[in-house]
Amino acid sequence: MDSLIAAAARALAAGDALGALKRVALRDDPPALALRGIAMAQLGEHARARELLKRAARRFGSGHEALAHARCVVAEAEVALAMRDLRGAPGTLAAAAAALEARGDRANALQARLIAVRRLLLLGRLQEAEAELGRLDDPPHGDDNDDRPPPVLQAVAELAAAELAWRSLHTAPAQAALARAHAAAQRSGVPALQAEVAEARAALERPAARRLLPAGREQPMRLDEVEALLTSDALVVDACRRGLHGGGATWLPLARRPLLFALARALAEAWPGDADRNALIAQAFRTRRPDETHRARLRVEIGRLRKLAAPLAHIEATERGFLLVPRVHEGDAAAVAVLVPPLDGDRASLLALLADGAAWSTSALGLALGASQRTVQRALVELEAAGRVRAIGRARAQRWLAPPLAGFTTNLLLPAALPLT
């Protein structure tokens with residue numbers, strides 16, 4: 001490795017992309033192309049970065065320079081991840097990780113596996129991401145020894161673990177992972193990584209939902225407060241994910257039953273009193289002039305809701321309407337809570353639905369929101385332009401997801417002579 005390549009690699013390790021480019025900007029050999037690609041990625045020029053990394057990989061080939069080729073594949077995969085281009089074959093990245101591991105480059109092999117984990121998180125495949133994260137050979141918070149990953153990778157791994165815990169609504173593990181990520185980011189000395197960790201920690205303190213209270217009042221709730229409410233014995237009508245929680249563990253999804261959810265929410269908002277029949281009809285059927293057909297339909301839908309919600313609550317008929325009676329768990333006083341998104345409106349509800357990490361089609365979102373598919377598509381286009389949602393796939397296979405907890409900086413170093421510190 002010549003001195004300019006080594007100096008450019010050290011500059012990239014410190015997050016100085018411009019300093020790296022000053023040293024290799026005019027060179028066209030494979031190591032310089034690779035370093036230029038990483039520098040462009042750090043500057044946000046992802047399309048140009050991918051082009052340079054692909055050129056470097058072709059020039060390295062897969063023969064006697066297989067190690068450098070694998071590093072380029074991993075770097076290009078990370079840039080693709082930053083672009084939210086998830087069309088790449090996971091097998092290619094897995095093969096590159098195996099090649100790096102076989103040749104003793106454990107740091108970059110770990111980087112490749114972390115990219116795979118983050119890709120699964122972006123796709124909302126939380127169980128697979130958790131399994132992959134658990135299979136990492138070197139836990140980022142393991143015992144202190146010479147084989148521990150470099151601080152940059154420790155921080156990235158902990159950010160992935162925090163996002164997984166966040167999406168699974170486990171705030172204590174998320175906070176612990178972010179604390180470890182903060183310590184690792186400080187050791188790395190990379191400002192961009194430190195900023196990512198700081199933003200992720202600040203996000204935990206922001207309101208994640210609101211709890212509706214009597215007399216039209218409401219209470220903003222952080223994610224840890226939401227978790228405490230959902231794990232309590234209260235019956236929670238969750239308007240963020242469109243379902244019912246009860247007894248801390250029971251979950252009744254109603255995202256695909258919008259009419260039943262509307263009735264459940266109206267009954268919960270009226271608790272501890274009963275809900276008027278005309279108010280229920282107006283809420284569920286969106287009409288202000290009910291007739292006998294609406295009342296008959298209301299009885300049918302209440303019957304369906306009563307059957308579905310039987311493990312969580314009773315629904316009793318009263319003189320003026322219907323009364324929600326939550327089941328009492330282990331002798332505790334029963335309570336009913338209504339949880340709504342932090343912002344009102346269809347777009348807030350859309351973001352709340354996407355926040356579960358699952359990939360939604362526009363037809364499913366329209367069904368859950370009680371809106372037309374075209375209305376949902378227009379809202380998604382606006383939210384995508386604002387960076388609030390992202391799409392994967394094309395045409396009828398297109399799905400929409402929420403953005404991840406935080407982005408990830410590209411800090412992969414290709415030269416084998418330099419440690420990733």
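Side-chain atoms of Arg210 never come within 3.5 Å of backbone atoms of Glu218 as a donor-acceptor pair (strictly under, hydrogens ignored). A donor-acceptor pair under 3.5 Å is formed between the side chain of Asp291 and the backbone N or O of His294. In this structure, the side chain of Thr287 does not engage the main chain of Pro290 through any donor-acceptor pair within 3.5 Å. For the pair Arg277 (side chain) and Glu319 (backbone), a donor-acceptor distance under 3.5 Å is present. A donor-acceptor pair under 3.5 Å is formed between the side chain of Ser232 and the backbone N or O of Leu229.
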Review point. Under the side-chain contact (heavy atoms from CB on, under 4.5 Å) criterion, do Leu259 and Phe285 qualify, and how do the steps go?
Key: CA-CA 8 Å; Leu259 194 150; Phe285 307 139; 3.5 Å; yes
Exercise for review: Show the numbers, then the answer: is there a side-chain contact (heavy atoms from CB on, under 4.5 Å) between Ile281 and Arg295?
Suggested key: CA-CA 7 Å; Ile281 290 172; Arg295 296 185 181 92; 3.9 Å; yes
Practice item. Let me see the working for Glu199 and Arg206 under salt bridge (Lys or Arg N to Asp or Glu O under 4.0 Å), right down to the final yes or no. Key: CA-CA 11 Å; Glu199 170 61 22; Arg206 298 181 187 132; 2.8 Å; yes
**Study point:** Val389 vs Leu401, side-chain contact (heavy atoms from CB on, under 4.5 Å): CA-CA, chis, key distance, verdict
**Key:** CA-CA 6 Å; Val389 300; Leu401 303 98; over 6 Å; no
Exercise for review: I would like to know whether Glu163 and Arg167 meet salt bridge (Lys or Arg N to Asp or Glu O under 4.0 Å); could you show each step before the answer?
Suggested key: CA-CA 6 Å; Glu163 182 171 358; Arg167 289 181 178 271; 3.0 Å; yes
Practice item. For side-chain contact (heavy atoms from CB on, under 4.5 Å), just list the numbers for Val338 and Arg211, CA-CA rounded to whole Å, side-chain angles, deciding distance to a tenth of an Å, and then say yes or no. Key: CA-CA 6 Å; Val338 179; Arg211 180 178 180 177; over 6 Å; no
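Contact check on Arg50 versus Glu78 returns no salt bridge, with no Lys/Arg side-chain nitrogen under 4.0 Å from an Asp/Glu carboxylate oxygen. Here Glu45 does not pair with Arg48 in a salt bridge; the nearest charged N to carboxylate O distance is not below 4.0 Å. Glu51 has no carboxylate O lying under 4.0 Å from a charged side-chain N of Lys54, or vice versa, which leaves the two without a salt bridge. In summary, Asp105 and Arg103 do not engage in a salt bridge, as defined by a charged side-chain N under 4.0 Å from a carboxylate O.
Rounding to the nearest 0.5 Å gives a distance of 9.0 Å between CG of Leu244 and CG of Leu308. Interatomic distance, Trp166 CH2 to Gln175 CD, rounded to the nearest 0.5 Å: 10.0 Å. A distance of 9.5 Å separates CG in Asn278 from CG in Leu298, rounded to the nearest 0.5 Å. Rounding to the nearest 0.5 angstrom, the gap separating the CG atom in Leu153 from the CG atom in Asn108 is 7.5 Å. Considering CG of Leu324 and CD1 of Ile315, their distance stands at 6.0 Å, rounded to 0.5 Å. In this structure, CG in Leu260 is found 12.5 Å from CZ in Arg242, a value given to the nearest 0.5 Å.
The nearest pair of heavy atoms linking Val74 to Gln111 is CG1-CG, 4.0 Å. The shortest non-hydrogen separation linking Ala185 to Ala155 is N-CB, 3.9 Å. Closest of all the heavy-atom pairs between Val24 and Ala8 is CG1-CB, 3.8 Å. The heavy-atom pair separating Ala112 from Leu93 by the smallest distance is O-CD2, 3.6 Å. A pairwise comparison of heavy atoms in Leu193 and Ser188 identifies CD2-OG, 3.9 Å as the closest pair. In plain terms, the two heavy atoms of Ala34 and Cys72 that are nearest each other are CB-SG, 4.0 Å.
Residues Arg36 and Leu33 are in side-chain contact: their nearest non-hydrogen atoms beyond the backbone lie under 4.5 Å apart. Arg306 has its side chain within reach of Phe322: a pair of non-hydrogen atoms, C-beta onward, lies under 4.5 Å apart. The shortest side-chain heavy-atom distance between Glu301 and Leu305 does not fall under the 4.5 Å cut-off. At least one side-chain heavy atom of Leu126 sits less than 4.5 Å from a side-chain heavy atom of Ser168. Leu12 places a side-chain heavy atom less than 4.5 Å from the side chain of Leu35. Two residues are said to be in side-chain contact when any heavy atoms from C-beta on lie closer than 4.5 Å; Glu384 and Arg388 fail this criterion. Using a 4.5 Å cut-off on side-chain heavy atoms (C-beta onward), Trp400 and Ser361 make no contact. Annotation: side chain of Ser372 is in contact with side chain of Thr375 (closest heavy-atom distance under 4.5 Å).
Under the 3.5 Å distance criterion, with hydrogens and angles disregarded, a donor-acceptor pair is assigned to the side chains of Asp274 and Thr318. Checking Arg265 against Gln283 by side-chain atom types alone, no donor-acceptor pair falls below 3.5 Å. Checking Ser363 against Gln373 by side-chain atom types alone, no donor-acceptor pair falls below 3.5 Å.
Under a cut-off of 6.0 angstrom, the local environment of CZ in Arg217 is crowded, with over 12 non-hydrogen atoms contributed by other residues, nucleotides or ligands.
Among Arg201, Arg180, Arg187, the single residue meeting the salt bridge (charged side-chain N to carboxylate O under 4.0 Å, His left out) criterion with Glu158 is Arg180.
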